[in-house]
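FYI, the numbering just counts along the sequence from 1. Hydrogens, waters and symmetry mates are skipped; everything else that's a heavy atom, side chains included, is used.
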Amino acid sequence: MLLDTASLYFRAYFGVPESVKAPDGTPVNAVRGLLDFIARLVADHRPDSLVACWDDDWRPQFRVDAIPSYKAHRVAEFVSGDTPDEEEVPDTLAPQVPVIAEVLEAFGIARVGSPGFEADDVIGTLTTAATTPVDIVTGDRDLFQLVDDERGVRVLYPVKGVGVVDTIDEAAVLARYGVPAASYADFATLRGDTSDGLPGVKGIGEKTAAQLIGEFGDLAGVRRAAEDPTSSLTPSRRRNILAAADYLDVAPGVVNVVRNVAVPDGLSGALPRAPREPGRLAALTERWGLGGSVQRLSAVLAGND
């Protein structure tokens, strides 16, 4: 099981009231919500291993260089040099993220990022290398491109908390979007995604993108059709696709997850039966008032749910 951790702690933050606070009054709703999410996911799905995948860089430079608008609307402060731009995060969430990292480490739950890459790329890399079935837990549709029935790769897409999830397999991707999972990235490139600042091709929405992929096979086939005056493309679609050539040259490198980023050698992600650092976990639990959530996750990990 691979967790798109930021997706889940944002969901926890907005789903658990800010009235859930540490003894000193600091909100810990995202911390407690995420721990409860993990407990529920492990209890419901019983993975053999679990990795909390991390955004070491939520807006990688290689994607910004290709498409400057990539996630630009979510930047709180643009930073020069090699330092990542600061993401716009609610004031009461930002301080909880380091606490989440500490608690996961004290539990002994693997937390993996890769410098210069997003959690999506870590997930893509670990999924590609996996020799067993993989459940990806995310609210990010971009990861639908990794779904693969033959390899047992599916996405658990939260609908309500994480207790209710849509299980996204190849049939689900096809039913939702009219394209196979292997074509999802090409489909998303044509359609664009305002939530990520990707413009897409003018005049091409979901239905048209699916139709084009269905007719011409993939993005390369769509582009070849646009360059072929005898193809069945309408004049307006041909013009729009040709006009978007610069975007289409670089967008696949932004939309496709990277599948070979650097991750720790020998990573197993084996679920800990007991906290790796019980003293540290106890101190964090007391400091941040995490008692119930820590107890629930500890019980699930020990097999006493």
Side-chain angles (χ1 to χ4, degrees), residues 2-14 30-31 34 51-101 104 110-128 136-146 155 157-158 184-201 219 244 246-264:
L2 304 177
L3 306 181
D4 183 359
T5 315
S7 172
L8 295 179
Y9 66 60
F10 267 95
R11 179 174 290 271
Y13 175 81
F14 288 109
V31 184
L34 179 66
V51 179
C53 300
W54 208 257
D55 286 322
D56 273 12
D57 190 338
W58 70 280
R59 188 172 182 252
Q61 192 60 46
F62 73 92
R63 290 192 167 105
V64 176
D65 288 343
I67 299 179
S69 62
Y70 181 66
K71 294 186 177 179
H73 59 295
R74 288 158 52 184
V75 176
E77 181 180 352
F78 290 93
V79 181
S80 60
D82 296 331
T83 305
D85 294 325
E86 293 186 14
E87 185 177 11
E88 190 171 42
V89 177
D91 291 343
T92 52
L93 171 58
Q96 298 188 57
V97 177
V99 179
I100 289 169
L104 292 177
R111 183 177 67 87
V112 178
S114 189
F117 293 95
E118 300 177 61
D120 288 12
D121 303 311
V122 175
I123 291 169
T125 297
L126 296 178
T127 298
T128 300
I136 300 164
V137 187
T138 182
D140 184 351
R141 297 177 300 170
D142 288 343
L143 290 170
F144 291 176
Q145 65 187 271
L146 297 174
V155 168
Y157 191 75
Y184 184 84
D186 283 354
F187 161 82
T189 296
L190 286 166
R191 176 201 63 194
D193 188 342
T194 55
S195 68
D196 279 341
L198 300 176
V201 176
L219 180 60
D246 289 346
Y247 163 76
L248 293 174
D249 285 344
V250 297
V254 175
V255 176
N256 284 278
V257 300
V258 182
R259 303 186 187 217
N260 60 350
V261 303
V263 295

* Would D140 and T138 count as a side chain to side chain donor-acceptor pair (under 3.5 Å) if you check the C-alpha gap in whole Å, the side-chain angles of each, and the deciding distance to 0.1 Å? -> CA-CA 5 Å; D140 184 351; T138 182; 5.0 Å; no
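Residues V255 and A188 share a closest heavy-atom pair of CG1-CB, 4.1 Å. Between Q96 and V31, the shortest heavy-atom distance links the atoms OE1-N, 3.2 Å. Nearest heavy-atom pair across G253 and F62 is O-CE1, 3.7 Å. Of all heavy-atom pairs spanning V122 and S114, the tightest one is CG2-N, 3.9 Å. The minimum heavy-atom distance linking V250 with A66 is given by the pair CG2-O, 3.5 Å. Listed here is the closest heavy atom pair of T5 and L34: CG2-CD2, 4.1 Å.
Under a 3.5 Å cut-off, the side chain of Y247 and the backbone N or O of T189 do form a donor-acceptor pair. Put simply, the side chain of N256 gets close to the backbone of P252: a donor and an acceptor are under 3.5 Å apart. Formation of a donor-acceptor pair under 3.5 Å by the K71 side chain with backbone atoms of G197 is not found in this model.
Paired with V257 under the rule side chain to side chain contact (heavy atoms under 4.5 Å, CB included), one option of I123, D142, L143 passes, and it is L143.
Partners of P90 according to the side chain to side chain contact (heavy atoms under 4.5 Å, CB included) rule, which considers only residues two or more places apart in sequence or in another chain, are F10, Y13, F14, L93. Residues satisfying the ring pair (Phe, Tyr, Trp, His ring centres under 6.0 Å) criterion with F144, sequence neighbours excluded, are Y157, Y184. Residues satisfying the salt bridge (Lys or Arg N to Asp or Glu O under 4.0 Å) criterion with R191, sequence neighbours excluded, are E206.
Contact check on E118 versus R63 returns a salt bridge, with a Lys/Arg side-chain nitrogen under 4.0 Å from an Asp/Glu carboxylate oxygen. Between D196 and R74 there is a salt bridge, with a side-chain nitrogen of the basic residue lying less than 4.0 Å from a carboxylate oxygen of the acidic one.
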